[in-house]
Trainee: 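Below is the structure I would like to discuss, written out as structure tokens.
FYI, side chains are in, hydrogens and waters are out, and symmetry mates aren't considered; it's all heavy atoms of this structure.
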Amino acid sequence: MNFLILIRQQLSLALANKLDWMTPLLFFCLVIMLFPLALGGAPQALAEVAPGLLWVAALLATLLSLDSMFRGDHDDGTLELWAASRASLLRYAYAKLISHWLIYALPLVLLSPLLGYGLHLPLQALPILVLSLALGSVSLVWIGAVGVAITSGIKYNSFLLALLVLPFYMPILIFGASAVDVAAQGWSALGPLYLLAALAVLALTLVPFAVAKALKLSLS
């Protein structure tokens, strides 16, 4: 099957379940909206916590979305068909990862400037927020997919998945929040952005092979 057709097919299947793809997005918005209530709405206090808050909320929303990545295909036997060919399973992994990022992560990235503005984040930090989330969310989804592939055959795997992937999320969270924080203070954010870009490139090139291998092992 043509790779673009495969991605389009995955997008159509995922978009058909509106509740599934809207839940992480609503979770992201609700977490951001609750903090002004807890902190009293003081602009200075909100601006100080905004970089970390936005990044933690994005990380948790991404983690919430991961469980559905391979669940349906594992339950209905589609994964077993793809596993018949090693090359096909790798192509399947790439298509799944790209479609998952487009459906679950891209809306968070696009919505983040509005939420950052609502938290009184300085205007010069908003483009850095978008760029850091765009780069960091690639690593979050790709690394998380390895954990999902390993635990795809295990029932009630959410807690195990969090234990597996959260340690690997720490550098991404630190670099992402740091980029937005230094930009809000008027400093250059190129250093942490370069590190996020390097992690994203490594994830894009290496992780699909690990995902394909983990999926094959989970089926054996």
Side-chain angles (χ1 to χ4, degrees), residues 22-67 100-101 103-148 158-159 161-203 207:
M22 286 186 67
T23 299
L25 185 61
L26 291 174
F27 175 84
F28 179 63
C29 296
L30 286 174
V31 169
I32 300 298
M33 291 167 63
L34 286 175
F35 267 79
L37 300 176
L39 296 177
Q44 183 64 29
L46 291 176
E48 288 179 358
V49 301
L53 171 58
L54 287 159
W55 256 93
V56 169
L59 185 152
L60 294 176
T62 302
L63 189 61
L64 183 65
S65 74
L66 290 175
D67 185 54
H100 190 92
W101 185 85
I103 294 168
Y104 293 99
L106 185 58
L108 302 185
V109 175
L110 297 177
L111 197 59
S112 62
L114 180 62
L115 296 172
Y117 183 76
L119 291 173
H120 303 282
L121 201 61
L123 292 178
Q124 73 268 18
L126 296 181
I128 301 300
L129 172 65
V130 174
L131 186 55
S132 66
L133 282 176
L135 293 170
S137 61
V138 170
S139 299
L140 293 178
V141 171
W142 261 242
I143 292 172
V146 180
V148 180
S158 299
F159 181 68
L161 173 62
L163 285 179
L164 283 174
V165 303
L166 280 178
F168 296 98
Y169 278 0
M170 294 302 108
I172 305 164
L173 175 65
I174 293 169
F175 297 145
S178 174
V180 182
D181 191 36
V182 296
Q185 297 176 34
W187 298 91
S188 171
L190 285 179
L193 286 177
Y194 283 148
L195 291 170
L196 285 173
L199 290 174
V201 171
L202 283 174
V207 166

Trainee: Just wondering, do Leu37 and Leu34 contact through their side chains at under 4.5 Å, heavy atoms?
Mentor: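 SC-SC contact between Leu34 and Leu37 confirmed.
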
Trainee: Could you tabulate the donor-acceptor pairs under 3.5 Å formed by side-chain atoms of residues 108-119, not counting sequence neighbours?
Mentor:
unit_1, atom_1, unit_2, atom_2, d
Ser112, OG, Val109, O, 2.7

Trainee: Quick one: which residue pairs count as a side-chain hydrogen bond (donor to acceptor under 3.5 Å, both in side chains) with a foot in residues 34-44, not counting sequence neighbours?
Mentor: Gln44-Glu48

Trainee: Kindly compute the distance separating CZ (Phe168) from CG (Leu166), expressed to the nearest 0.5 Å.
Mentor: 11.0 Å

Trainee: Report the residues that fulfil side-chain contact (heavy atoms from CB on, under 4.5 Å) with Pro122, sequence neighbours left out, ordered by chain and then residue number.
Mentor: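 Here the qualifying residues are Gln124, Ala184.
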
Trainee: Under 3.5 Å, sequence neighbours excluded: what are the donor-acceptor pairs made by side chains of residues 192-202?
Mentor:
none

Trainee: On a heavy-atom basis, which atom in Ala177 and which in Pro51 lie closest, and how many Å separate them?
Mentor: O-CB, 3.7 Å

Trainee: Are Ile172 and Ile143 side-chain neighbours, meaning at least one heavy-atom pair lies under 4.5 Å?
Mentor: yes

Trainee: Under the side-chain contact (heavy atoms from CB on, under 4.5 Å) rule, collect the residues that match up with Val49, sequence neighbours excluded.
Mentor: Leu39

Trainee: What's the spacing between Leu140 CG and Leu59 CG if we round to 0.5 Å?
Mentor: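 Rounded to the nearest 0.5 Å, the CG-CG separation comes out at 5.5 Å.
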
Trainee: Please tabulate, for the side chains in residues 125-132, all donor-acceptor contacts under 3.5 angstrom to protein atoms that are two or more places apart in sequence or on a different chain.
Mentor:
unit_1, atom_1, unit_2, atom_2, d
Ser132, OG, Trp55, NE1, 3.3
Ser132, OG, Ile128, O, 3.0
Ser132, OG, Leu129, O, 3.0

Trainee: Any chance you could lay out the side-chain contact (heavy atoms from CB on, under 4.5 Å) test for Val180 and Leu121, step after step, and finish with the verdict?
Mentor: CA-CA 9 Å; Val180 182; Leu121 201 61; 3.8 Å; yes

Trainee: With sequence neighbours left out, what residues match Val165 under side-chain contact (heavy atoms from CB on, under 4.5 Å)?
Mentor: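 Here the qualifying residues are Leu63, Leu161, Tyr169.
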
Trainee: Can you sort out the partners of Phe28 under ring-ring contact (aromatic ring centres under 6.0 Å, His included), two or more places apart, ordered by chain and number?
Mentor: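 Per chain and number, Phe28 pairs via ring-ring contact (aromatic ring centres under 6.0 Å, His included) with no residue.
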
Trainee: State, to 0.1 Å, how close Pro24 and Ser65 come at their nearest heavy-atom pair, and which atoms those are.
Mentor: CG-CB, 3.6 Å

Trainee: Can you name the side-chain contact (heavy atoms from CB on, under 4.5 Å) partners of Leu164, sequence neighbours left out?
Mentor: Ile150, Thr151, Leu160

Trainee: Among pairs that include at least one residue of residues 137-147, which meet side-chain hydrogen bond (donor to acceptor under 3.5 Å, both in side chains), considering only residues two or more places apart or in two chains?
Mentor: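 For residues 137-147: Trp101-Ser137.
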
Trainee: Once side-chain hydrogen bond (donor to acceptor under 3.5 Å, both in side chains) is applied, what residue pairs with a partner in residues 173-183 remain, sequence neighbours excluded?
Mentor: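 The answer is Asp181-Gln185.
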
